[in-house]
Visitor: 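There's a structure below that I have some questions on.
In what follows, residues are counted from 1 in the order of the sequence shown. In each ligand, atom 1 is the first atom listed, and ligand 1 is the first ligand listed. A quick note: this is a predicted structure, and the numbers were derived from the prediction, not measured.
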Amino acid sequence: MSLILNFLFVSSIYLLILVRDYLRRRRQTLPPGPKGLPFVGNILDMPYDKQWLTFDTWSKHYGDIVHINVLGRHMIILGSFQAITDIFDKKSSIFSGRPRSTMLNDLVGWDWSFTLMPYGDEWRKNRRAFHQHFQQSAVSRYNTIYLRESRNLLDMLLTEPDGFLHHLRQTFAGTLMGSAYGIRVSKKDDPYVSIAEAAMHEASEVTVPGAFLVNELPILRYIPKWFPGTRFHKVATHLKKLSDEMLNRPFEAVKQSLRDGTAEPSITATLLQSLPADEDNAEAELIAKRVGASAYAAGSDTTVAECHVFMLAMAMYPGVQKRAQAELDDVVGPTRLPDFSDRDSLPYINALIKELSRWQPIVPLGLPHESMEDDEYRGYFIPKGTIVFGNTWSILHDPDEYPEPDVFKPERFLNPDGTLNHDVRDPGFAAFGYGRRVCPGRYFSDSSLYSIVSSVLATFDIKPKTDKYGRPAHLEPIMMPGIISLPAPFECDIKPRSTAAVDLIRGSLDDSL
Ligand code: HEM
């Protein structure tokens, strides 16, 4: 009897605690935001396109922390430097999770990419291994690869200038494949690049909101494959095959070349060579495999998008282009191409690279984080499981920090004497994401961009196309929708600056790079 009484007593206390917590939650105030409808919340307020602009308007109206609810899912949009620092940096132990996609994480198995992994020990181990090879002090190891690939780019621009968007993709694919696996990619239809591009392209399509109901209603994943209306199973099986190939093919090639004694130096080769011979290395090998594939998956589209922004900015701002070229002519001279030893003497080029990431941030809403516990911020309640966006676009277009934010103006980062002004907030703070999940590839990307920007500007003039009357086409930055937002395809005229530039390009291909 006393056992039953004890049980009832403990159960009632437990129930009281649950009820108290429930009532407390109901009383707690969520941050302000547009009023939604019953059950579906703000689904009808959600813009289909360029969400960052609508979110920016909401931040101006409701404040720098805005709450919306989409089909029962809480979402928070942070629209100021202060709110972003408070949440992602100061409360990083709570706000470093990643929302899960049932299709990508659970059915396709894409969480080998630690970008998509939940926060925790496994993520930490993968990120640590990645960091060793991509941290600031490590990325100069790949200088010869960045330079080799940007020299190839110059050659491709000389031969087929109108294909510049494709050539930029090819250049960065070569840079990543070279550094991660020691693979030299072929100029057309490289098998490793084709597999990776197909896997990434198709994976990005399944994350489009509304593309697969199973993402919104994860329980549907348990419906058997034979049941009508379960096309998602078929798509997932196809994508899993592509994803496995992207993960395994280049990795197995490195293993084979190590066995044959023909391996080129690479991150994967270094990771494999460091494994002790007489131990069970299954976990370490898996991590080594994920490092290269995660770099390609997270790094290729982003840096390529930034290169497209570069070409567009140069075609739109001839004055900026001229000033950058004058600096290169002055520091590097006409008899060689720029390299990394010049970088510290090129403040305008460095300012231009900063301005690229500020002017049109190519991940304008960052990647969403997820809160891992209930929390309170400025008296507002943020429930566990809330999806949190830092609106990078708002931060980088804040006119108080960056006057005339829509204008491409590298000199905003310079002192009157032409040196870099470190008091202006570095756009890298926002462009590469936040807190513990900040982009670990940012130094690699920066070095590669420097190599591309300086080499192209030293040798080519980039202009808008002209019509038959010689009038230049009007260009403007039309950014496409998506987590990674590229400029819409555009044309421009790319011509060598001189015959000496042509000779330099041809000569550089004979180097031992
Ligand atoms: C212009 C180029 C790039 C931009 C703008 C960019 C931006 C970003 C952003 C916004 C995030 C999300 C951070 C967050 O969750 O708050 C991210 C994550 C990541 N980036 Fe980059 N990135 C670039 C290039 C690269 C490159 C070249 C690599 C690889 C070599 C790379 C590897 C990664 C990885 C692995 C993550 C996931 C980190 C994690 O979840 O812990 N990124 N990047």
Side-chain angles (χ1 to χ4, degrees), residues 52 78 84-85 87-89 92 95-99 105 110-120 122-136 138-139 141-142 145-146 168 171-173 175-181 196 200 267 287 290-310 353-354 356-370 387-393 395-396 427-453 482-486:
W52 52 94
L78 305 172
I84 281 178
T85 317
I87 292 284
F88 288 135
D89 288 339
S92 59
F95 291 97
S96 296
R98 203 56 104 206
N105 290 72
W110 250 80
D111 46 8
W112 53 257
S113 161
F114 69 90
T115 310
L116 299 176
M117 268 182 205
Y119 184 77
E122 203 184 348
W123 167 82
R124 214 171 276 115
K125 281 185 206 159
N126 281 268
R127 188 159 167 127
R128 202 177 297 131
F130 193 96
H131 179 72
Q132 272 173 33
H133 298 275
F134 289 94
Q135 61 187 304
Q136 194 166 15
V139 294
R141 291 178 205 153
Y142 319 115
I145 299 179
Y146 312 127
L168 288 165
T171 302
F172 200 65
T175 308
L176 274 173
M177 284 288 174
S179 320
Y181 302 110
M200 285 162 48
I267 294 170
I287 291 177
R290 288 167 167 174
V291 166
S294 293
Y296 198 94
S300 57
D301 279 354
T302 40
T303 309
V304 171
E306 199 81 287
C307 292
H308 288 194
V309 173
F310 161 62
I353 291 170
K354 282 181 197 280
L356 285 175
S357 58
R358 189 208 63 79
W359 182 53
Q360 300 301 331
I362 46 104
V363 198
L365 277 178
L367 292 188
H369 291 209
E370 186 179 84
I387 296 182
V388 187
F389 293 99
N391 193 346
T392 299
W393 195 92
I395 304 299
L396 297 178
F429 154 75
F432 290 104
Y434 306 106
R436 293 188 191 174
R437 306 242 23 171
V438 66
C439 172
R442 59 199 185 281
Y443 304 113
F444 184 92
S445 168
D446 177 66
S447 296
S448 176
L449 265 177
Y450 164 76
S451 168
I452 291 171
V453 164
I483 290 186
I484 298 173
S485 172
L486 290 147

Visitor: For Glu122, is there any backbone N or O sitting under 3.5 Å from a side-chain donor or acceptor partner on Asn126?
Guide: yes

Visitor: Please list, in number order, the atoms of ligand 1 under 4.0 Å from a heavy atom of Arg98.
Guide: 14 (C), 15 (O), 39 (C), 40 (O)

Visitor: Is the contact between Trp123 and ligand 1 made by the side chain, the backbone, both, or neither, using heavy atoms and a 4.0 Å cut-off?
Guide: side chain

Visitor: Around atom 30 (C) of ligand 1, find the nearest protein heavy atom and jot down its residue, atom name and distance.
Guide: Phe134 CE2, 3.5 Å

Visitor: Checking side-chain polar atoms at under 3.5 Å, does Tyr146 have a donor or acceptor matched by the opposite partner on Ser179?
Guide: no

Visitor: Just which atoms of ligand 1 are under 4.0 Å from any heavy atom in Tyr434?
Guide: 14 (C), 16 (O)

Visitor: Using heavy atoms and a 4.0 Å limit, tell me yes or no: is Phe130 in contact with ligand 1?
Guide: yes

Visitor: Under 4.0 Å from a heavy atom of Ala431: which atoms of ligand 1 are those, numbered in the order shown and with their elements?
Guide: 5 (C), 7 (C), 10 (C)

Visitor: Can you list the ligand 1 atoms lying under 4.0 Å from a non-hydrogen atom of His369?
Guide: 14 (C), 15 (O), 16 (O)

Visitor: Suppose I only count heavy atoms of Glu306 and a 4.0 Å limit; which atoms of ligand 1 are within that range?
Guide: 1 (C)

Visitor: Output the list of atoms in ligand 1 that are nearer than 4.0 Å to some heavy atom of Ile362, sorted by atom number.
Guide: 5 (C)

Visitor: Looking only at heavy atoms, is any part of Arg437 under 4.0 Å from ligand 1, and if so is it the side chain, the backbone, or both, or is it neither?
Guide: both

Visitor: Any idea which protein heavy atom is nearest atom 11 (C) of ligand 1, and the distance to it?
Guide: Phe432 O, 3.9 Å

Visitor: Provide, to 0.1 Å, the distance between atom 37 (C) of ligand 1 and the closest protein heavy atom, together with that atom's residue and name.
Guide: Thr115 OG1, 3.3 Å

Visitor: Can you tell me which residue and heavy atom of the protein come closest to atom 2 (C) of ligand 1, and the distance to 0.1 Å?
Guide: Ser445 OG, 3.2 Å

